Amino acid sequence: MVKNVKQTKKFEKKHLKGVLERRKVVQKIKQKEQIKQKKQAKKHQDDAFIKGPDGGKQPVRVKKNLGTAAAGEMTVDDFFQGGFEILDKKTKDASGKLGKRKRDDEEESDAEEEEQSQDEGSEVDFSDDDISHDEVSDDEEEDDEVVDDTAPTGMTKEAMASLAEKDPEFYKFLKENDPEALEFDENAEFSEIDELSGSEAEGEEPKKKKQKKDTKAADDENGSELTQKMIAKWKAQIEETKSLRAARQVVIAFRCAAHLNEDDDEKPQRYTIHDPNAFNDILVLALGKIPEVLTHHVPVKESSSGKTYVNTDTKKFKILSQLVKNYAASIIHLLGTLSDEPTLKLTISALEPILPYLLSFRKLLKVLIKTVVAFWSQSASTEATRITAFLVARRLMVISDKGVRETVLKAVYQGLVQGCRLTNVNTVAGINIMKNSAAELWGLDQTLGYTTAFGFIRQLAIHLRNSIVNNKNNAFRNVYNWQYVHSLDFWSCVLAEHCSPLKEAEAGKESQLKLLIYPLVQVTLGAMRLIPTALYFPLRFQLVRSLLRLSRATDTYIPLASILLEVLNSAEMKKPPKSSTLKPLDFATAYKAPKSYLRTRVYQDGLGEQVIELLGEYFVLWSQNIAFPEFSLPVVVALKRWLKDSRKKSSGNNNGKIGTQLALLVQKIESNAKFIEDKRNRVEFAPNDRTQVDAFLRDFEWEKTPLGAYVVGQRKLRAEKRKMMEEARKEDELRRKEDEEEERLGKQQDEDSDEEEDDHDDLAEDDDEDEEEEGDDDDDEEEDEDEDDE
């Protein structure tokens, strides 16, 4: 034994470090190989879908050309028969290639960066992240750029800066001897589009003359003002022939419109826009017609499962990739400057048709996802804007691969958490829209949905554990806040939507998300009992409603009666309340009661109404169950005991309102128990027959049971009461706005009247001064006359 210990220590001292390092190196190599194989498999799959089963290949006849054959392919006799010609070697032309690099050289590094970014995004950041619309930088364009060795391109500014940094001597030589070579073209990335458009034209002038003409026209338009006449011309060309040259001009003008009123001396805009009608026309044209041009020239193929395929190997796509990236980057930048709802909706909806073309540009796609999710989660966004942004995110979930889907899910959840930080009467409707819409995304890919949901629920459990273990310095505030409450409620929405028996019957299999019900319920119950004081009873009611939704949708029994009985047995409900003039607390938009509400009749009445409502909703879930009499008996006994204690004059709370409502609930529960007993006495199967037990009263409508009819009536009364309160709130808000407007107008009139009085006083003072001066002049004249007389 001692010998083994010594050997272990010796191995740890001398060899362990090297072994671990070698294992890490081997593991990295294996990861790279796996990534490479996955990419190759995906490429073969795309090729098979686009080109067909035979690969789209046709037999090629090879003709022997002895003069031009490679030396390695010739025999000795063939070589001497062809003569002693010098074999020219292909050399690379360095002109026009500065500042660009091929994407193939860094596929593996991009894959590793993507995996690292996915791992980093597993934790949700609760801080507000400002999304910068200028994140589509030059580095991103360099990473995603595709170089075509056969097409000439212009000298870009980035290439010029790279040349000055890498080879300053050559840069200095060019500056002294050939300064024209360093003049960069602002739109060099669009230079190939004109050539492509010119090659497709038929029955027109020769290509060289047309290029000279276009160059001259472009020089004339450079720095000119954008007019409606120019826009109408481009629109006609696009509608008639789907002209790429016109699309290029539209994208350039659209970029100028997106960066309007942004002074940049280094990169002057090609067009200046002063006419608001021209600005509106170029936005409508670019957002409506550019996707049509892209679809015409590079069509998108869609499979039956919703997957889309774009042939990225064609020369036309490589040339149009720069136009697509600039168009998308301009839309993202424009969204940061818009505030008008119709324009926002139009701009966001323009992103949906170009999403298949952006799947190859991951960095740009991440910025787009952040931008769309930001508008979806903003409290200032309207319902139409939220829905439009959600449709873009959902479309991206359907057509993209696993990596992009995971990015979308994480961004959506983080946006939801940040968007529900402020919860009040005005924002609660928007938050509910976010939760209901986002819940749909987790069902599109349940395997990935299970992985992400498990990670986020585990994160909530870790927050709860830390608050229980380190219960000091207000550690419970990490759990008792709106973001945590809405997160638990959101996951109950997700599981309730995708784990229902109806959904599982449609899918033909059990939902993978069903395994998350138990951990979510445990975390929610633990959060309820973290601080069991009357101050946080509203939070308890919020979480009980979440679990009731989950239990109703999935037919899962969750014990909630004890949670509600704890509220009834608290000191807040047992002691007599004190009168107050406070408004009733809105439990729908509160997770914590103000201290001024404690021990007041208003708060006690509110707690009693909430407990009675939730107990009725809880028992009605099992009102058709064959075991309802035994299930409800302990709770009925506890409620009767509480009613008996509350009527005591010395120690009871003497709240007749709560006592009457609670006694009615007990009566309905007992009536439902008798109804089930009557139905149960007529059956002929034994309790061990699970099939018959589960089928008991399955076809009987729950609304027709005694307890179900009571709950339906209570729901209608609460809905009417809620509607009246909403109307009263709107009237108060409108009256408050009118009072503020009147007060503002009154202040403005007072200021105007004060200014008029000041002006009048100034005029009066000027008149008095003039009169005094005239009087002095008269006195001087009289004195002069007296002197003359003397």
Side-chain angles (χ1 to χ4, degrees), residues 117-129 373 377 379 406-407 409-424 427-428 431-432 434-435 438-439 441-442 448-496 513 515-550 558-560 563 566 589-593:
S117 64
Q118 291 175 1
D119 294 337
E120 292 172 358
S122 60
E123 291 292 330
V124 177
D125 185 11
F126 289 96
S127 62
D128 293 332
D129 295 334
V373 170
S377 61
S379 58
E406 188 173 1
T407 304
L409 291 179
K410 290 179 179 179
V412 165
Y413 182 67
Q414 188 169 3
L416 172 67
V417 171
Q418 293 176 359
C420 64
R421 176 172 294 177
L422 179 63
T423 302
N424 51 39
T427 61
V428 68
I431 292 172
N432 291 332
M434 284 196 294
K435 288 190 286 190
L441 299 180
W442 265 261
L448 181 62
Y450 173 82
T451 305
T452 54
F454 178 82
F456 290 131
I457 294 174
R458 179 177 177 272
Q459 186 179 352
L460 296 174
I462 291 173
H463 282 299
L464 178 61
R465 184 192 63 186
N466 293 337
S467 299
I468 295 173
V469 175
N470 304 319
N471 193 9
K472 53 185 178 181
N473 297 329
N474 294 329
F476 71 93
R477 296 188 185 278
N478 293 329
V479 174
Y480 278 22
N481 55 66
W482 272 124
Q483 292 172 302
Y484 196 92
V485 172
H486 283 302
S487 297
L488 291 174
D489 187 62
F490 168 69
W491 292 120
S492 73
C493 289
V494 172
L495 300 182
L513 300 175
L515 298 174
L516 298 173
I517 294 178
Y518 179 77
L520 178 64
V521 171
Q522 292 299 315
V523 173
T524 308
L525 293 176
M528 286 183 194
R529 290 191 168 100
L530 181 61
I531 306 292
T533 60
L535 204 63
Y536 292 101
F537 281 163
L539 181 140
R540 179 173 295 207
F541 297 148
Q542 296 277 356
L543 298 182
V544 167
R545 293 181 189 278
S546 301
L547 294 182
L548 282 175
R549 180 199 299 117
L550 183 60
I558 303 174
L560 296 175
I563 300 290
E566 288 176 6
T589 58
Y591 74 90
K592 177 183 178 183

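In this text the structure is predicted, and so the values were computed from the model without any measurement.
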If you take all heavy atoms of [X] and [Y], which pair is closest and at what distance?
X	Y	answer
Thr427	Ser379	CG2-CB, 4.2 Å
Gly449	Leu513	C-CD2, 3.8 Å
Leu516	Tyr450	CD2-CE1, 3.6 Å

Is there a side-chain contact between [X] and [Y] (heavy atoms, below 4.5 Å)?
X	Y	answer
Leu525	Leu547	yes
Ile462	Gln459	no
Leu460	Trp491	yes
Lys410	Gln414	no
Ile517	Val521	yes
Arg465	Val469	yes
Val523	Tyr484	yes
Phe490	Tyr413	yes

State the [atom1]-[atom2] distance between [X] and [Y], to the nearest 0.5 angstrom.
X	Y	atom1	atom2	result
Leu548	Leu543	CG	CG	11.0 Å
Cys493	Asn432	SG	CG	8.0 Å
Asn424	Trp482	CG	CH2	10.0 Å
Leu520	Ile457	CG	CD1	5.0 Å
Ile558	Ile563	CD1	CD1	11.0 Å

Under 3.5 Å, side chain of [X] to main-chain N/O of [Y], donor-acceptor pair present?
X	Y	value
Gln483	Val417	yes
Arg549	Ser492	no
Tyr480	Ala527	yes

Item to check | Short side-chain donor-acceptor distance under 3.5 Å, Trp442 and Thr452 | outcome: yes
Side-chain donor-acceptor pairs under 3.5 Å in residues 528-539, sequence neighbours left out?
{"residue": "Arg529", "atom": "NE", "partner": "Glu566", "partner atom": "OE2", "Å": "3.2"}
{"residue": "Arg529", "atom": "NH2", "partner": "Glu566", "partner atom": "OE2", "Å": "3.2"}

Taking only residues two or more places apart in sequence or in another chain, which ones pass side chain to side chain donor-acceptor pair (under 3.5 Å) with [X]?
X	result
Ser467	none
Thr423	His486
Ser377	none
Thr589	Asp586

Next on the checklist: Would Asn466 and Asn478 count as a side-chain contact (heavy atoms from CB on, under 4.5 Å) here? Give the steps.
Outcome noted: CA-CA 9 Å; Asn466 293 337; Asn478 293 329; over 6 Å; no
Next on the checklist: Between Asp489 and Arg545, does any side-chain N to carboxylate O distance fall below 4.0 Å?
Outcome noted: no
Next on the checklist: List the residues meeting side-chain contact (heavy atoms from CB on, under 4.5 Å) with Ala411, not counting sequence neighbours, and say none if there are none.
Outcome noted: Ile369, Val373
